[in-house]
Amino acid sequence: MALLASCGRDEPRRSVYYWQTTLRVGAAERAFLARHPGDADALYQLGESMFHTREIRPQPPDSLRVPFEQVLAIDSTLAPALIHPMEMA
């Protein structure tokens, strides 16, 4: 499977179930955000989903940062929203 082979050498191999679940979370968060656009938790989960599926659904780093930046605009004390943007810097 090319999908499993694409994981980094130091990263444990991820199952197809992991990828499917993570993609579903992203879709659910997008649907929730359509009704509740300013929800920081949903934005954070969307950012997490986008970040962790970037191997199978590539996006420019600027797009991946958007949900985290929106979270920090709502509540700058949510430090976990800083982690992945710093990893991409």
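A continuous path of ILVMFWY side-chain contacts below 4.5 Å connects Leu43 to Met88, so both sit in one hydrophobic cluster.
Listed by first then second residue, pairs satisfying salt bridge (Lys or Arg N to Asp or Glu O under 4.0 Å) with a partner in residues 31-48 number zero, not counting sequence neighbours. Among pairs with a residue in residues 60-74, those fulfilling salt bridge (Lys or Arg N to Asp or Glu O under 4.0 Å) read Asp62-Arg65, at least two apart in sequence or across chains. Under the salt bridge (Lys or Arg N to Asp or Glu O under 4.0 Å) criterion, no residue pair touches residues 16-33, with sequence neighbours excluded.
By the 4.5 Å heavy-atom criterion applied to side chains, Gln45 and Phe32 are not counted as neighbours.
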In a table with atom names and distances, give each donor-acceptor pair under 3.5 Å that connects a side chain of residues 70-82 to protein atoms at least two apart or in another chain.
residue, atom, partner, partner atom, Å
Asp75, OD1, Thr77, N, 3.0
Asp75, OD1, Thr77, OG1, 2.5
Asp75, OD2, Thr77, OG1, 3.4

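Between Phe51 and His84, the ring planes lie parallel to each other; the angle is under 30°, not in the 30° to 60° tilted range.
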